[in-house]
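Here's the structure, in structure tokens; my notes come after.
These figures come from a predicted structure and were not determined experimentally.
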Amino acid sequence: MSVRVYNTLTRKKEEFVPLTPGHVRIYACGVTVYDLSHVGHARSAMVFDVIQRYFRFKGYRVTFVRNFTDVEDKIIRRANAEGVLAAELSERYVQAFREDMAAIGVAPADVEPKATEHIPEMVALIERLVTKGFAYTVDGDVYFEIRRFPPYGRLSGKNLDELLAGARVEVDERKRDPRDFALWKSSKPGEPAWPSPWGPGRPGWHIECSAMAMKYLGESFDIHGGGEDLIFPHHECEIAQSEADTGRPLARYWLHNGMVTFRAEKMSKSLGNILSIREFVKRHDPDAFRLFVLGTHYRHPIEWSEERVQESARAVERLTRLIHDVQTFWSGAGGDSTLPDELRTFRTRFVAALDDDFNTPQALGVLFELSHVLYEYAEHASVDAGARAAVIVGVQEMTNLMRVLGFLERGYEPSGAPPEIERLVQERGQARARHDWRHADQLRDEIQGRGFSVEDTPSGPRVTRRSA
RNA sequence: GGCGGCGUAGCCAAGUGGCCAAGGCGGAGGUCUGCAAAACCUCUAUUCAGCGGUUCGAAUCCGCUCGCCGCCUCCA
């Protein structure tokens, strides 16, 4: 079965066919590293993380590129304000981003290029655009002339005349057309600068992605992704630059994730309604965030809410508790039995959901249904070897499917209770056996005081680390 | 103003022409339990913002109305 993806370019779901059979090449726009990333950035990264994982699961070879924008006005401004080099500031936030991604279980990309390390490629691309007549120079700046590229506006559905009428485009008399955008900007004193045929300067806002995508994925590749707020102008400009140069489609499929809103507005630095990933991770389980993100289709907006994340945490526990129980009570039992027919359909439905434009909410629904069936087996597992075998193999299956979505990335510690806790649990068990309830309850309090909880089940005590 | 999208149970959220409208959270019963807690099971929308139309048949297609969001400016 093939994957169907919604393509922003055509506004339709299309069958996904890679340019090179068996190999998927993906470029996703990363972050501008001038500050800590927030949960909106995290959503975007997680969405493309899951897409990338899913293609691998389907047996494709995947080359996944996610860039860092490390030269930009805000970086420069902030670095100057702090009295550090722009490169120092951006490197700090590159590291922070990587730590944040690791904390929420988002895998690193295969290539994570930085703009500043690809200046020569950008200069070369701009030179070609000038030579081919798509760009012109003014006082050390280079602009892309959009009138020379008729498809401009196709991705975003913009009408060029209306764009002009919008009149919010910055007016610069030197430009031939107000809608032309900068490929190269001459540097002012105190700004980072690189040599170029047009004098010292720095790249414009969009050229880095064109140059880096071309370098690592070729002139034409499969999927280009990013937040939907990048459709215009960023991706529109990328298409113009790249396709004007190569004459070939930059990417065949354009995928865009919906925004995270907060207080009914897009979460963004400029509005001040943000929550950093760092802040989030202090309070919540990464898999709770993953469920929060994947519980809504990637193209739809999500309203941020603490309460919603806590709900997600409770929901994800439903899934992981089963894994925990199997590892605690029946590890080693059962062996390598095959999956009962009743359980085979779940993988089929799970895959069908994800094949349909990565419908993670539906795929999660399948996992929850699977968990119900497994819990029913688990009811009899302590007395019924067949049920026990089914639970064990079924939980293995569920674990595999959850991993496709990136859950359980940081490992699950079923027997993670330290020895002293285990000792208390055992002691409590003995107390309960002699009906010494007072002592048993004391021990339970003691265990809880140390950050663990103990619950009594027919199969034995279930010990779990209590989340904050 | 232009472009794109959304409005489904108390809350969140799939479903986009035809079996009982997934799933999660919450709630109500029940089972288990020394107790408590947790867990598990069952139930929880004759109805899909409103109105009109197309159709044998619509939450799903078309039109209008109302409400909301994103983009049009740096932005995941």
Side-chain angles (χ1 to χ4, degrees), chain A residues 8 11 13 28-32 34 37-48 66 69 72-74 77 153 156-159 161-170 179 205 225-234 236 256-261 264-271 274 291-292 294-297 299-303 305 307-319 321-322 325 349 353 356 359-372 374-376 378-379 431-432 435-438 440-441 444-445 448 453-459 462 464:
Chain A
T8 304
R11 309 257 151 85
K13 276 187 204 172
C29 286
V31 292
T32 301
Y34 72 102
S37 297
H38 58 66
V39 296
H41 300 119
R43 180 194 188 185
S44 189
M46 192 170 274
V47 162
F48 289 99
R66 181 177 54 220
T69 299
E72 197 262 350
D73 288 353
K74 282 191 284 257
R77 210 177 306 139
S156 54
K158 302 280 180 211
N159 175 307
D161 298 331
E162 283 157 0
L163 250 181
L164 237 196
R168 278 161 112 183
V169 184
E170 125 193 33
R179 300 163 298 187
W205 298 308
E228 68 180 1
D229 54 351
L230 297 183
I231 295 171
F232 188 90
H234 187 58
E236 196 72 73
H256 294 96
N257 65 273
M259 297 293 100
V260 175
T261 60
E265 282 186 300
K266 184 172 98 172
M267 183 176 283
S268 81
K269 192 120 263 177
S270 50
L271 290 169
I274 59 160
L291 194 72
F292 170 78
L294 302 183
T296 296
H297 187 86
R299 286 192 276 112
H300 293 173
I302 303 182
E303 168 74 12
S305 146
E307 194 191 352
R308 200 93 314 122
V309 175
Q310 275 162 20
E311 280 178 20
S312 299
R314 284 191 287 270
V316 93
E317 237 182 273
R318 246 178 118 68
L319 267 21
R321 165 159 287 117
L322 203 53
D325 281 0
R349 291 169 56 211
D356 184 14
N359 194 331
T360 53
Q362 202 163 70
L364 286 168
V366 174
L367 291 185
F368 281 107
E369 287 182 48
L370 171 60
S371 80
H372 279 287
L374 295 178
Y375 274 119
E376 294 216 37
E379 288 285 296
R432 292 183 74 230
H435 293 225
D436 184 354
W437 311 125
R438 213 166 65 86
D441 290 349
R444 182 166 58 199
D445 289 345
Q448 286 183 348
S453 68
V454 57
E455 301 159 38
D456 302 311
T457 79
S459 303
R462 169 194 287 143
T464 44

For B:U60 versus B:G7, give the span between their C1' atoms, rounded off to a whole number of Å.
14 Å
For B:G24 and A:Arg318 - does any side-chain N or O of the residue sit under 4.0 Å from the phosphate oxygens OP1/OP2?
yes
Short side-chain N/O contact from A:His234 to OP1 or OP2 of B:C74, under 4.0 Å:
no
Would you mind telling me which of B:C41, B:C74, B:G15 lies closest to the side-chain atoms of A:Glu376?
B:C41
With the side chain of A:Arg432 defined as its heavy atoms from C-beta on, choose the nearest nucleotide among B:A38, B:G34, B:C74.
B:G34
What's A:Leu230 touching, base or sugar-phosphate or nothing? Going by heavy atoms closer than 4.0 Å.
sugar-phosphate
Under 3.5 Å on both distances, the Watson-Crick or G-U partner of B:A49
B:U65
Polar pair under 3.5 Å, donor/acceptor by atom type, side chain A:Lys266, base B:C75
yes
Using a cut-off of less than 4.0 Å, is there contact between a side-chain N or O of A:His372 and OP1 or OP2 of B:G24?
yes
A:His300 has a side chain; which of B:G34, B:C6, B:A76 sits nearest to it?
B:C6
Starting the side chain at C-beta, find the nucleotide from B:C72, B:G70, B:A36 nearest to A:Asp456.
B:A36
Taking B:G70, B:C6, B:C71 as options, the one with an atom nearest any side-chain atom of A:Glu265 is B:G70
Whole angstroms only, please: what is the CZ-P distance between A:Arg462 and B:U33?
15 Å
Strictly below 4.0 Å: does A:Lys269 bring a side-chain N or O up to OP1 or OP2 of B:A76?
no
So what does A:Gly225 hit on the nucleic acid, given a heavy-atom distance under 4.0 Å: a base, only sugar-phosphate, or nothing?
nothing
Length of the NE2-P vector between A:His41 and B:C75, whole Å
10 Å
Donor on one side chain, acceptor on other, A:Thr32 and A:Glu72, under 3.5 Å
no
Would one find a side-chain N or O of A:Asn359 under 4.0 angstrom from OP1 or OP2 of B:G15?
yes
Which listed nucleotide (B:C40, B:A13, B:G34) is nearest to the side chain of A:Trp437?
B:G34
Would you confirm whether A:Arg43, through its side chain, and A:Met259, through its main-chain N or O, come within 3.5 Å as a donor-acceptor pair?
yes
Side chain of A:Lys158 - closest among B:C71, B:G23, B:C25:
B:C71
With a 4.0 Å cut-off, would you call A:Arg321 and A:Glu455 a salt bridge?
yes
Nearest to side-chain heavy atoms of A:Met267, which nucleotide of B:A76, B:C72, B:C35
B:A76
Position toward the 5' end of RNA chain B (nearest nucleotide), A:Asp356 or A:Arg308:
A:Arg308
Quick one: is A:Thr32 getting a side-chain N or O under 4.0 Å of the B:A76 phosphate, OP1 or OP2?
yes
With respect to the phosphate group of B:A22, does any side-chain polar atom (N or O) of A:Arg349 fall under 4.0 Å of OP1 or OP2?
no
Can you tell which of B:C74, B:G34, B:A76 lies closest to the side chain of A:Met259?
B:A76
Indicate, with a heavy-atom threshold strictly under 4.0 Å, whether A:Ala378 touches base, sugar-phosphate, or nothing.
nothing
Nearest-Å distance once atom C1' is located in both B:G26 and B:U16
28 Å
